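One structure is given below, encoded as structure tokens.
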Amino acid sequence: MTGTTDPTDPAPTAERRRTARVRWVAGGAVALALLFAGAAAVASAREDAPAPRSTGAPAADSADAGFARDMAVHHQQAVEMSFIVRDRTEDEDVRRLAYDIANTQANQRGMLLGWLDLWGLPKVTGDDPPMAWMGSGGGHQGHQPGGQHADGDADGVLMAGMASRAELERLARLDGEQAEVFYLQLMTDHHKGGVAMAEACASRCTVPVEQRLARGMVEGQQSELGLMRDMLTERKARPRS
């Protein structure tokens with residue numbers, strides 16, 4: 001009968017399975033692309049073999065090493081948040097922004113870790129707190145001015161602008177426009193913290209290629225901050241800070 005679906009007809013079930021399989025493959029392809037991009041960035045970093053102006057590699061407590069370690073961690077969370085929102089919204093503008101951020105920061109993270117490897121320096125150290133290399137302007141700052149995190153405690157927040165564990169869990173529970181707005185707000189905070197770190201490296205680091213990367217981060221993330229502000233306005237929302 002026209003307009004009636006036969007419950008015994010296997011076609012709808014088969015169609016759903018094909019759709020789920022396509023989505024799974026597409027998601028896996030993006031993850032693999034980012035993995036290979038990171039590997040390629042590490043290989044590129046090895047080939048470039050950046051060296052400081054003076055002889056030898058930077059010291060473990062230098063701005064060069066501190067920035068490379070801290071920004072690699074900072075970038076990893078941006079990639080994580082971008083993958084979360086990709087699965088929580090169908091909005092193509094937000095999904096495109098999330099993909100661009102994830103792809104760019106995965107590549108940059110690979111370069112930073114590659115340089116630490118070249119310099120023979122540890123990728124993780126417990127000697128100094130995060131951002132200590134920034135001097136008096138560094139240290140844990142959270143989301144809010146004056147060092148107070150929006151949730152009242154660190155909750156996994158290691159550096160300026162980073163989201164807490166509770167915030168990541170909340171993002172993973174939201175859908176549609178609510179997920180879009182919260183992602184844009186979290187990433188705005190994240191970029192503001194990242195820009196401050198990159199500006200510090202541009203003035204404090206001694207490895208020319210690392211300084212150039214830091215300046216590129218400042219320009220790229222400031223541009224994305226403007227875009228995210230406009231996207232929030234379209235959704236009748238605004239940045240948290």
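Predicted, not measured: the structure shown is a model, and the values here were computed from it.
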Kindly give the heavy-atom pair with the smallest separation between L186 and A163, and that separation in Å.
->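 So the minimum-distance heavy-atom pair works out to CD2-CB, 4.1 Å.
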What's the shortest heavy-atom distance between A78 and Q105, and which atoms?
->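 Minimum heavy-atom separation between A78 and Q105: CB-OE1, 3.2 Å.
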Whether [X] side chain and [Y] backbone form a donor-acceptor pair below 3.5 Å:
X: R69; Y: A60; value: yes
X: K192; Y: S241; value: yes
X: R88; Y: A179; value: no
X: N107; Y: N103; value: yes

How far does [atom1] of [X] sit from [atom2] of [Y], to the nearest 0.5 angstrom?
X: I101; Y: F83; atom1: CD1; atom2: CZ; answer: 12.5 Å
X: D230; Y: L184; atom1: CG; atom2: CG; answer: 10.5 Å
X: S164; Y: L158; atom1: OG; atom2: CG; answer: 11.5 Å
X: L168; Y: Q77; atom1: CG; atom2: CD; answer: 5.0 Å
X: Q185; Y: L171; atom1: CD; atom2: CG; answer: 11.0 Å
X: Q76; Y: R109; atom1: CD; atom2: CZ; answer: 4.0 Å

Do R204's NZ or CZ and the ring of F67 fall within the cation-pi criteria of under 6.0 Å and 45°?
->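 Verdict for F67: no cation-pi partner in R204.
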Consider only side-chain N and O atoms of [X] and [Y], and report whether a donor and an acceptor are under 3.5 Å apart.
X: S82; Y: Y183; answer: yes
X: W133; Y: D70; answer: yes
X: T89; Y: D175; answer: no

Considering the options M187, E92, M231, E180, which one meets the side-chain contact (heavy atoms from CB on, under 4.5 Å) requirement together with L97?
->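 Output: one option passes, namely M231.
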Knowing that exactly one of L121, V209, D64 qualifies, which makes a side-chain contact (heavy atoms from CB on, under 4.5 Å) with W115?
->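 For W115, the side-chain contact (heavy atoms from CB on, under 4.5 Å) check succeeds only for V209.
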Indicate yes or no: at least one non-hydrogen side-chain atom of [X] is less than 4.5 angstrom from one of [Y].
X: P58; Y: V207; answer: yes
X: S62; Y: T206; answer: no
X: L112; Y: E210; answer: yes
X: P239; Y: L232; answer: yes

Has E199 got more than 12 heavy atoms of other residues, nucleotides or ligands less than 6.0 Å from its CD?
->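 Yes, enclosed.
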K236 and V181: side chain to side chain contact (heavy atoms under 4.5 Å, CB included), yes or no, with the steps?
-> CA-CA 9 Å; K236 297 180 174 55; V181 168; over 6 Å; no
With H74, which residues qualify under ring pair (Phe, Tyr, Trp, His ring centres under 6.0 Å), at least two apart?
->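 H190.
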Could you walk me through whether R240 and E167 pass salt bridge (charged side-chain N to carboxylate O under 4.0 Å, His left out), step by step?
-> CA-CA 13 Å; R240 301 191 299 179; E167 287 168 332; 3.1 Å; yes
Are D93 and R96 ion-paired here, with the side-chain N under 4.0 Å from a carboxylate O?
->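 R96 and D93: salt-bridged.
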Pairing of R235 and D91 as salt bridge, 4.0 angstrom limit |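 Salt bridge: yes.
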Mind listing the side-chain donor-acceptor pairs of residues 212-229 below 3.5 Å, one per line with the distance, residues two or more places apart or on another chain?
from	atom 1	to	atom 2	distance (Å)
Q221	OE1	H191	ND1	3.4
E224	OE1	H191	NE2	2.6

